[in-house]
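Report on one structure; see the data block that follows.
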2 protein chains.
Amino acid sequence: MIDSKRELKDALKPIGRRATHKRALLLDLLRRIPGHPDAETLFIEAKKLDPRISLATVYRTLALLKKTGVIEEHLLGESHAHFEAVSPTPHFHFTCLKCGRVIEFRTALLDRLISELKQKNRVELQEIQIDARGLCARCREAKD
Amino acid sequence: MIDSKRELKDALKPIGRRATHKRALLLDLLRRIPGHPDAETLFIEAKKLDPRISLATVYRTLALLKKTGVIEEHLLGESHAHFEAVSPTPHFHFTCLKCGRVIEFRTALLDRLISELKQKNRVELQEIQIDARGLCARCREAKD
DNA sequence: TTAGTTGCAAACAATTTGCACGTTG
DNA sequence: CAACGTGCAAATTGTTTGCAACTAA
């Protein structure tokens with residue numbers, strides 16, 4: 001959390017935003033909570049550490065962290081968003097529509113696809129969202 | 001539209017749903033409207049052809065068409081969904097956050113990525129969403 | 001004829017916002 | 001101390017739903 005604060009300060013200062021206690025707390029949670037929590041889950045967890053935090057702050061912080069690029073937003077087949085601290089190895093998610101399990105899929109093709117996009121269209125990529133849905137191997141076999 | 005109706009009939013009959021006038025009209029619009037209309041846009045266009053259609057029907061129809069696989073849903077960086085008739089050549093979208101332009105990006109890597117996902121994890125893929133955002137070449141140069 | 005479909009308006013869920021007060025640099 | 005951050009509750013947005021009337025097969 002100390003680390004998160006220092007790091008946040010460096011990331012937020014240039015854009016005139018502050019590294020507050022609550023922001024560091026949320027970034028920390030995002031890095032410690034396994035999986036891909038949604039805003040509500042983060043809110044509940046954050047309240048355990050700081051009971052005075054509000055859901056509005058969670059949303060505002062998520063938007064800010066996303067803008068600075070330290071977290072990503074994912075749509076895992078539900079009507080609300082999920083979040084994840086960016087990982088050093090790029091990957092995407094496959095969500096089983098039956099059991100809800102999320103598989104993280106890593107492949108070199110992803111980097112190649114991204115660099116091809118950048119190169120061919122000369123775009124500045126700020127965000128790419130890849131989310132797949134279907135049936136996992138287990139649920140697929142368990143015919144019902 | 002006659003064609004859409006025949007085609008719809010074949011697609012919907014097996015699941016006990018009907019090929020109605022309004023459904024054919026909406027599918028037709030999705031195939032004729034350039035770009036990636038959202039529900040509201042489709043509603044406005046549909047009303048020109050059938051003033052008695054409701055927004056609820058648009059949403060219900062979009063969900064149904066998506067389920068049968070004839071259309072796709074995309075998240076282009078706005079808070080609402082956009083739709084598109086499935087195209088024979090798979091592609092994904094890059095939306096410029098400044099001018100709003102949408103670039104369709106086709107690459108063989110996409111098919112390879114999908115088949116690798118299926119093969120390695122033995123999943124049944126029902127839906128994959130790839131949406132990228134950033135600055136297009138033009139807006140990138142036009143520094144402001 | 002009978003199940004599926006639609007319009008309408010109300011309900012909903014997720015997220016955003018205005019404002020007065022608190023906090024950071 | 002000036003600018004930014006926060007809690008609270010209300011507002012907004014996009015989408016879904018219950019129900020009575022309608023229509024396709």
Side-chain angles (χ1 to χ4, degrees), chain A residues 1-2 4-27 36-44 46-47 49-68 71 73-83, chain B residues 1-2 4-27 29 36-44 46-47 49-68 71 73-83 131:
Chain A
M1 166 100 161
I2 306 293
S4 295
K5 197 142 185 185
R6 156 100 275 124
E7 181 194 338
L8 269 183
K9 208 164 232 170
D10 296 342
L12 298 179
K13 192 151 194 183
I15 52 171
R17 317 296 299 278
R18 292 167 186 168
T20 66
H21 175 70
K22 285 163 215 246
R23 287 177 182 166
L25 186 161
L26 286 166
L27 176 53
H36 313 85
D38 52 26
E40 191 65 32
T41 303
L42 280 165
F43 178 47
I44 291 169
K47 264 198 296 197
L49 303 173
D50 178 351
R52 312 197 46 256
I53 201 168
S54 76
L55 187 52
T57 294
V58 173
Y59 277 109
R60 285 191 270 233
T61 301
L62 287 171
L64 181 62
L65 294 179
K66 191 180 155 199
K67 180 152 43 170
T68 68
I71 68 167
E73 182 176 3
H74 297 289
L75 301 164
L76 306 180
E78 297 183 278
S79 56
H80 57 271
H82 291 250
F83 298 86
Chain B
M1 167 97 164
I2 307 294
S4 295
K5 196 141 186 187
R6 157 99 275 126
E7 182 194 337
L8 269 182
K9 206 165 232 169
D10 296 342
L12 297 179
K13 192 151 195 184
I15 52 171
R17 316 297 299 279
R18 291 170 185 168
T20 66
H21 175 71
K22 287 164 213 246
R23 287 177 181 165
L25 187 161
L26 285 167
L27 176 53
L29 272 179
H36 313 84
D38 52 25
E40 192 65 32
T41 303
L42 280 165
F43 178 47
I44 291 168
K47 263 197 297 197
L49 303 173
D50 179 351
R52 311 198 47 258
I53 201 168
S54 75
L55 186 53
T57 294
V58 172
Y59 276 109
R60 285 190 270 231
T61 301
L62 287 171
L64 180 63
L65 293 179
K66 191 180 156 198
K67 181 154 42 171
T68 68
I71 68 168
E73 182 176 2
H74 298 289
L75 301 164
L76 305 181
E78 295 183 279
S79 55
H80 57 269
H82 290 250
F83 298 87
D131 294 299

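Below, read A as the first sequence line, B as the second, and so on, with proteins coming before strands; counting in each chain starts at 1.
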Review point. How about A:Leu42 and A:Thr61: do any of their side-chain heavy atoms sit closer than 4.5 Å?
Key: no
Practice item. Identify the 5'-most and 3'-most nucleotides of DNA chain D with at least one atom closer than 4.0 Å to a non-hydrogen atom of chain A. Key: D:dA3 to D:dC8
Review point. Given side chains that start at C-beta, do those of A:Asp50 and A:His21 come closer than 4.5 Å, heavy atoms only?
Key: yes
Practice item. For DNA chain C, note the earliest and the latest nucleotide, 5' to 3', having some atom under 4.0 Å of a heavy atom belonging to chain A. Key: C:dA14 to C:dG25
Revision key, fill the gap. Between B:Glu73 and B:Lys9, whichever has its closest DNA chain D nucleotide further toward 5' is B:Glu73
Practice item. Locate the shortest heavy-atom distance separating B:Ala46 from B:Leu26; write the atom from each residue and the value. Key: CB-CD2, 4.0 Å
Practice item. With axes from five pairs an end, tell me the bend angle of the helix from C:dT1-D:dA25 to C:dG25-D:dC1, nearest 10°. Key: 50°
Show me, pair by pair, the donor-acceptor contacts under 3.5 angstrom made by side chains of residues 11-20 of chain A, not counting sequence neighbours?
from	atom 1	to	atom 2	distance (Å)
A:Thr20	OG1	A:Arg23	N	3.3

Exercise for review: Kindly state which residues belonging to residues 51-61 of chain A come within less than 4.0 angstrom of DNA chain D, counting heavy atoms of the residue only, listed by number.
Suggested key: A:Arg52, A:Ile53, A:Ser54, A:Ala56, A:Thr57, A:Arg60
Point to revise | Qualifying residues under salt bridge (charged side-chain N to carboxylate O under 4.0 Å, His left out), relative to B:Glu40, sequence neighbours excluded | key: none
**Study point:** Note, A:Thr41 side chain near A:Ile44 side chain (heavy atom, < 4.5 Å)
**Key:** no
Study note, to complete from the structure: OG1 (B:Thr57) and CG (B:Leu64) are apart, to the nearest 0.5 Å, by 11.5 Å
Check your understanding: Atom NE2 of A:His74 and atom CZ of A:Phe83: how far apart are they, to the nearest 0.5 Å?
Key -> 9.5 Å
Exercise for review: Taking side-chain contact (heavy atoms from CB on, under 4.5 Å) as the test, write out the residues that go with B:Ala56, two or more places apart.
Suggested key: B:Ser54, B:Arg60
Review point. Taking all atoms of both residues into account, what is the closest heavy-atom pair of B:Phe43 and B:Ile53, and its distance?
Key: CE1-O, 3.4 Å
Check your understanding: Considering residues at least two apart in sequence or located in another chain, which fulfil the side-chain contact (heavy atoms from CB on, under 4.5 Å) criterion with A:Lys67?
Key -> none
Point to revise | Listed partners of B:Lys66 passing salt bridge (charged side-chain N to carboxylate O under 4.0 Å, His left out), at least two apart | key: B:Glu73, B:Glu127
Point to revise | Sugar-phosphate, base or nothing in reach of A:Ala63, heavy atoms under 4.0 Å | key: nothing
Point to revise | Residues in side chain to side chain donor-acceptor pair (under 3.5 Å) contact with A:Thr68, at least two apart in sequence or another chain | key: none
